[in-house]
Amino acid sequence: PAVLHSYQLCDSHLVVIDNSSLMKVKDSHIGHSGKYGAIKQMSNFSRWDELQEAMSFNCKLASKCWVPTKYWFLNEPTGLTAGHSKKFSLCWGSPKDVPGEMNHIKHMMKSATLDQCRCELTSRISHISKIIEREASSLLARDKNITVIFYTQGLPTNGKGQTGTTVRQELRSEMWSLTKLPVNVIVRLCTDDEKVTSMFNDMDNTFDSFDVLDDYWGEAMEVYLHNPWLTYSKGLHRLREVGLAPDVLGDLDQRSLTLDEIHQLCIILFAGEGESVYLPLPPYQPTSTRHLGRSSWVESWIPFIVALEGLVEKEKLQWNPITKRMAPWIDLKKLQSNLKSQFEESSDRFEARRSFAHANPPGRRPARHGHRGRDPAGDKGFGRSPPAMSPIHENKPQTDSGLSDLTLEEAIQRWSHRSPNFKRANSLQHLLVTVPRVFPPLNHNVEEHNYFSKWKTFDKEAFSDMGDDELKPLLYRATRKAKFFLHPDKLPKDLTENQTILFSTIWNVIAEQEAAIFG
């Protein structure tokens, strides 16, 4: 029903196909279906190969579900397709035309020469915006939107094939204007270029109705870092690629889902068409359940877990691209750990703010906690011991009361090094998971700022029960996301001295452990 609702909201699809020469680069992956549901990741394929695989599903879905779709090549066709229009359509006329339209699309895709260096994404976005602007009033009146999909390697150029800061800024400006229209924008990146990925992820974190997707395996890692209890199936990924995924799936790769969202997702996964399922929603808000002990709160959601277990057992196993084995939709052990962590973290933040407010009533200047005249980033004790790839549970997190009597330097030392003497560096996964423990309000030494709330917490269960071959790619991906948040160019310009010191030191500690592991 949720997918049907997304389908009913969609008026049509507009699809942009990057046929620039940069699509010939071989840094992409495609899938190969194996025995017993396995999906093997095949490497050393071109970006165009990856694009064709995604496009194939797009066309099949449009033809079977009748989604009126218009396709545009970025560049004029050459070679065997010379003379053909770079625009073609599917399901825009009569059903009897569909077989011929599908054959034409196959011919255009198979015969593309990829011999032009231009990737004028900006001008194509501007053109699409003008088309949708003419239809905006009608779309809004009918409560419809247009799904705009970009299959691209992502690096924009001007008409001369040149790129640069100005070209990238123009792309961002045009994309922002497009998202203000009644649209749902999907950018399906076919590249492993980190600079390009970062550029689009920055838009993803800023724009509404905008989603940036990697290939199936890359996206599965993003989802796993925040929601490791969910088996991210190829079907879920395909729904997101074509803009038919329910809203609750939109942030799977960005943050941990809340309990309400987890409940909603489970209803979507396990309720068939015209069916209903019994799945009780337990209480969650820490402020309303503080009178309950934490063990009492855990007991309050046992009916939810028991009911969910019964539903999961009835479903077929799905391929898990992270663990590389068939698995149930929901890992109940990891889910319970996730729910418990969310409750405890929310409770800790609530209690920390209440404690700080009690100690600093209105009219009293908040106590300042210095760093004793030294920049913690320069302390040779941080991150100098050998790297660790051990579990994250080796050091019990400091509570707000445990940090309140420490200087900023000492608070960071407690985070970056292991108890009891805080001389040996914590593992990289421990650092990544526990970064919020040195953010305010838990760390009273640092003033609060809205930017802290933009940190996307990693689930500790994402790094548990993993061999080195599985763990390293996850650590690399998580570190990249952390450094994107901490990068000096991304930080607000109005930070205080203590905030600046904190961000700089976290960056240095994580970077040292990263270098020790990955070189």
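Hydrogens, waters and symmetry mates play no part in the numbers below; they use all other heavy atoms, side chains included.
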Closest non-hydrogen contact found for Glu101 with Gly93 is OE2-N, 4.5 Å
CZ of Phe207 to NZ of Lys180, rounded to nearest 0.5 Å, is 8.5 Å
>> Let's go through Asp215 and Arg47 carefully: what are the C-alpha distance in whole Å and the side-chain angles of both, what is the deciding distance for salt bridge (charged side-chain N to carboxylate O under 4.0 Å, His left out) to 0.1 Å, and is it a yes or a no?
In response: CA-CA 11 Å; Asp215 62 30; Arg47 297 168 178 178; over 6 Å; no
Open item on the list: Treating Lys334 as the side-chain partner and Pro228 as the backbone partner, does any N or O pair qualify as donor plus acceptor under 3.5 Å?
Closed with: no
- Message: Looking at His13 and Ile149, would you say the former's side chain and the latter's main chain have a donor-acceptor pair under 3.5 Å?
- Response: no
Tell me, do Trp72 and Ile17 make a side-chain contact under 4.5 Å, heavy atoms counted? no
Tell me whether Glu241 is salt-bridged to Arg238, with the criterion being a basic N under 4.0 Å from an acidic carboxylate O.
yes
Residues passing the side-chain hydrogen bond (donor to acceptor under 3.5 Å, both in side chains) test with Ser123, sequence neighbours excluded, are none
- Query: Parallel, tilted or perpendicular: which fits the ring planes of Phe458 and Trp455, with parallel below 30° and perpendicular above 60°?
  - Reply: perpendicular
* Asked: Salt bridge check: are Arg240 and Glu219 linked by an N-O gap of less than 4.0 Å?
  -> yes
* Donor-acceptor pair between Thr258 and Asp260 side chains, under 3.5 angstrom -> no
- Task: For the pair Thr231 (side chain) and Ser233 (backbone), establish whether a donor and an acceptor sit closer than 3.5 Å, ignoring hydrogens and angles.
- Result: no
ask   = Where do Met199 and Leu155 land on the side-chain contact (heavy atoms from CB on, under 4.5 Å) test, with the steps shown first?
value = CA-CA 9 Å; Met199 176 179 68; Leu155 184 64; 5.6 Å; no
**Message:** Taking the side chain as everything from C-beta on, heavy atoms only, tell me whether Asp204 gets closer than 4.5 Å to Phe200.
**Reply:** no
Return yes when atom NE2 of His127 has more than 12 non-hydrogen atoms of other residues, nucleotides or ligands closer than 6.0 Å, and no otherwise.
yes
So NE2 of His226 and CG of Asn338: to nearest 0.5 Å the spacing works out to 11.5 Å
Problem - Leu252 side chain near Leu249 side chain, heavy-atom distance below 4.5 Å - result: yes
Does the side chain of Gln153 pick up a donor-acceptor pair with the side chain of Thr191 at under 3.5 Å? no
Smallest heavy-atom separation, Ile39 atom then Gly31 atom, equals CG2-CA, 4.4 Å
More than 12 non-hydrogen atoms from neighbouring residues, nucleotides or ligands closer than 6.0 Å to CG on Asp143, yes or no? no
Checklist entry - Within the side chain of Asp11, is there an N or O that forms a donor-acceptor pair under 3.5 Å with the backbone of Lys144? => result no
- Under the 6.0 Å and 45° cation-pi test, does Lys70 pair with Trp92? yes
Is it the case that the side chain of Asp193 and the backbone of Val196 share a donor-acceptor pair, with hydrogens and angles ignored and the cut-off at 3.5 Å? yes
Dump the intermediate steps for side-chain contact (heavy atoms from CB on, under 4.5 Å) on Leu486 and Leu491, then the final yes or no.
CA-CA 7 Å; Leu486 297 165; Leu491 297 177; 5.5 Å; no
Between Asp49 and Lys24, is there a side-chain N and carboxylate O pair less than 4.0 Å apart? no
Quiz prompt | Side-chain heavy-atom pair Pro246, His5 within 4.5 angstrom cut-off | solution = no
Practice task
Could you check if a side-chain atom of Val16 sits within less than 4.5 angstrom of a side-chain atom of Tyr71, using non-hydrogen atoms only?
Solution key: no
Of all heavy-atom pairs linking Asp192 and Asp27, the shortest is OD2-O, 2.9 Å
Kindly assign one of parallel, tilted or perpendicular to the pair Tyr451 and Phe485, based on the angle between their ring planes and the thresholds 30° and 60°. parallel
Counting only heavy atoms not in Trp176 (residues, nucleotides, ligands), do more than 12 fall under 6.0 Å from its CH2? no
- Query: Does Tyr224 have its ring centroid less than 6.0 Å away from the ring centroid of Tyr232?
  - Reply: no
task: May I ask you to decide whether Lys481 forms a salt bridge with Glu222, counting only side-chain N to carboxylate O separations under 4.0 Å?
output: yes
Check: Have Ser464 and Glu461 got a donor and an acceptor in their side chains that come within less than 3.5 Å?
Finding: yes
*asked:* For a 4.5 angstrom cut-off between non-hydrogen side-chain atoms, does Phe463 reach Leu428?
replied: no
Item checked: Heavy atoms from other residues, nucleotides or ligands near NZ of Lys40 exceed 12 (cutoff 6.0 Å) -> no
So the salt bridge (charged side-chain N to carboxylate O under 4.0 Å, His left out) pairs with at least one residue in residues 120-129 (sequence neighbours excluded) are Arg118-Glu120
One thing to verify: whether Arg172 and Asp202 come together as a salt bridge, which I'm taking to mean a side-chain N less than 4.0 angstrom from a carboxylate O. yes
Applying side-chain hydrogen bond (donor to acceptor under 3.5 Å, both in side chains) to Thr113 and Asp115, what does each step give before you reach the verdict?
CA-CA 5 Å; Thr113 53; Asp115 57 358; 3.3 Å; yes
Of all heavy-atom pairs linking Ile510 and Ala482, the shortest is CD1-CB, 4.4 Å
- Message: Working note: Phe270 + Ile330, criterion side-chain contact (heavy atoms from CB on, under 4.5 Å); need CA distance, chi angles, decisive distance, verdict.
- Response: CA-CA 11 Å; Phe270 303 123; Ile330 307 293; 4.0 Å; yes
Let me check something: any side-chain donor-acceptor pairs from residues 304-317 under 3.5 Å, sequence neighbours excluded? List them with distances.
none

Closest heavy-atom pair, Asn75 versus Ser20, reported as atoms and distance to 0.1 Å, is ND2-CA, 3.7 Å
- [ ] With side-chain contact (heavy atoms from CB on, under 4.5 Å) as the test, would you mind laying out the steps for Ile146 and Val148 before giving the verdict?
- [x] CA-CA 6 Å; Ile146 292 177; Val148 184; 4.2 Å; yes
- Does Pro156 offer a backbone N or O that forms a donor-acceptor pair with the side chain of Thr163 under 3.5 Å? yes
One should read off an interatomic distance between Ile132 CD1 and Ser138 OG, to the nearest 0.5 angstrom, of 12.5 Å
**Report entry** Side-chain (Ser12) to main-chain (Thr69) donor-acceptor, under 3.5 angstrom
**Finding:** no
| query | Does Leu139 reach the side chain of Arg142, with side-chain heavy atoms less than 4.5 Å apart? | reply | yes
Rounded to the nearest 0.5 Å, the CG atom of Leu22 sits from the CG atom of Leu114 at a distance of 10.0 Å
- Query: With side chains defined as the heavy atoms from C-beta onward, is the minimum distance between Tyr476 and Thr479 less than 4.5 Å?
  - Reply: no
Ser337 side-chain N/O to Lys333 backbone N/O, donor-acceptor pair under 3.5 Å: no
Worksheet item: Hey, is the main chain of Trp319 close enough, under 3.5 Å, to the side chain of Arg325 for a donor-acceptor pair?
Response: no
- Message: Tell me whether Thr434 contacts the main-chain N or O of His430 through its side chain, where contact means a donor paired with an acceptor under 3.5 Å.
- Response: yes
Distance col, row Leu74:CG vs Thr152:OG1, nearest 0.5 angstrom, shows 6.5 Å
To the nearest 0.5 Å, atom CG of Leu239 lies from atom CG of Leu244 at 6.5 Å
Here the pair of heavy atoms bringing Asn227 nearest to Arg255 is ND2-O, 2.9 Å
Practice item. Taking the six-membered ring for Trp and the single ring otherwise, decide whether the centroids of His29 and Phe45 are under 6.0 Å apart. Key: no
